[in-house]
Each structure stands twice: as structure tokens, then as C-alpha cells.
Amino acid sequence: RFHDFKLEGLDAVTAARWIAALGRDTVLNRQGTTWRKLSPARQAVTSDADAVALVVAQPSLVKRPVIDTGQALLAGFGEEQR
């Protein structure tokens with residue numbers, strides 16, 4: 001099922017599961033416009049709880065696509081996904 005973050009948002013339970021499984025550095029998109037618009041204080045993500053709160057408030061900060069099959073979980077495009 002396709003889930004549009006901008007229209008449907010992202011719940012904290014799902015965000016926490018993704019961050020626990022993949023790590024906040026994989027889930028957070030620090031290259032995009034949304035990240036660059038954040039204040040330095042908001043960019044100071046020092047815990048998984050901070051990352052969850054940030055992506056719930058700003059779902060555009062999640063690296064896309066996120067593919068969750070229930071068996072496997074991938075986020076973003078990169079050489080390792082080839």
C-alpha cells in the first residue's frame with residue numbers, strides 16, 4: 001500500500017520502529033530542503049526519541065522511499081540498495 005507522508009502524516013509508533021530497525025541516520029534525510037530550513041537547535045538530534053519527534057512533526061524529513069514488506073525494511077536510495 002502506498003502511503004503519502006505529506007497527506008497522511010507519520011505516526012510515532014511507525015517512526016520509532018523504523019528508527020529502531022534502521023537507525024536515525026538512515027531514516028533522517030539531512031540533505032533536503034526541509035532539513036536545511038530547521039534551526040540548528042532542531043537539527044541537534046541526539047537521541048532516537050528526538051528523531052521520532054522530528055519526523056512525526058515533519059514527515060518530509062524521512063528518506064524516501066521507505067519500503068516495508070513486513071519482512072524487510074529499506075529507506076532511501078543508495079549504492080547498497082542496488
Side-chain angles (χ1 to χ4, degrees):
R1 167 175 145 13
F2 177 77
H3 180 92
D4 188 334
F5 293 122
K6 291 185 182 194
L7 294 177
E8 300 175 59
L10 180 62
D11 65 89
V13 172
T14 301
R17 185 170 55 81
W18 291 352
I19 289 168
L22 299 172
R24 62 181 176 254
D25 291 332
T26 299
V27 175
L28 277 175
N29 178 7
R30 294 182 170 149
Q31 303 295 316
T33 304
T34 304
W35 179 262
R36 289 191 300 269
K37 288 181 180 180
L38 294 176
S39 69
R42 291 286 284 161
Q43 288 179 350
V45 177
T46 59
S47 70
D48 288 354
D50 289 346
V52 169
L54 197 56
V55 298
V56 168
Q58 298 281 336
S60 295
L61 289 170
V62 175
K63 282 183 189 170
R64 295 176 302 276
V66 176
I67 300 171
D68 186 349
T69 67
Q71 303 273 328
L73 182 61
L74 301 168
F77 287 114
E79 289 296 318
E80 62 276 2
Q81 278 84 25
R82 285 183 167 208

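Of all heavy-atom pairs between A51 and I19, the closest is CB-CD1, 3.6 Å. Considering all non-hydrogen atoms of both residues, K63 and T26 come closest at CD-O, 2.9 Å. Looking at every heavy atom in both residues, R24 comes nearest to S47 through NH1-C, 3.1 Å. V52 approaches A16 most closely through the heavy-atom pair CG2-CA, 3.6 Å. Nearest approach of V66 to F5, heavy atoms of both residues: CG2-CZ, 4.2 Å.
The number of heavy-atom neighbours closer than 6.0 Å to CD of E8, taken from other residues, nucleotides and ligands shown, is above 12.
At least one donor-acceptor pair under 3.5 Å links the side chain of H3 to the backbone N or O of G9. Using a distance-only test at 3.5 Å, with no hydrogens or angles considered, no donor-acceptor pair links the side chain of K37 to the main chain of G32. Put simply, the side chain of R64 gets close to the backbone of S60: a donor and an acceptor are under 3.5 Å apart.
Looking only at side-chain heavy atoms (C-beta outward), W18 and V55 stay at 4.5 Å or farther from each other. In this structure the side chain of L73 never reaches within 4.5 angstrom of the side chain of I67, judged on heavy atoms. The closest side-chain heavy-atom distance from Q58 to N29 is not below 4.5 Å.
Taking CG from D50 and CG from L54, the interatomic distance works out to 8.0 Å, rounded to the nearest 0.5 Å. Separation of atoms CG (L74) and CG (D68) is listed at 9.5 Å; rounding is to 0.5 Å. With rounding to the nearest 0.5 Å, the separation of CZ in R17 from CG in D11 is 9.0 Å. Note: Q43 CD to L28 CG = 10.5 Å, rounded to the nearest 0.5 Å.
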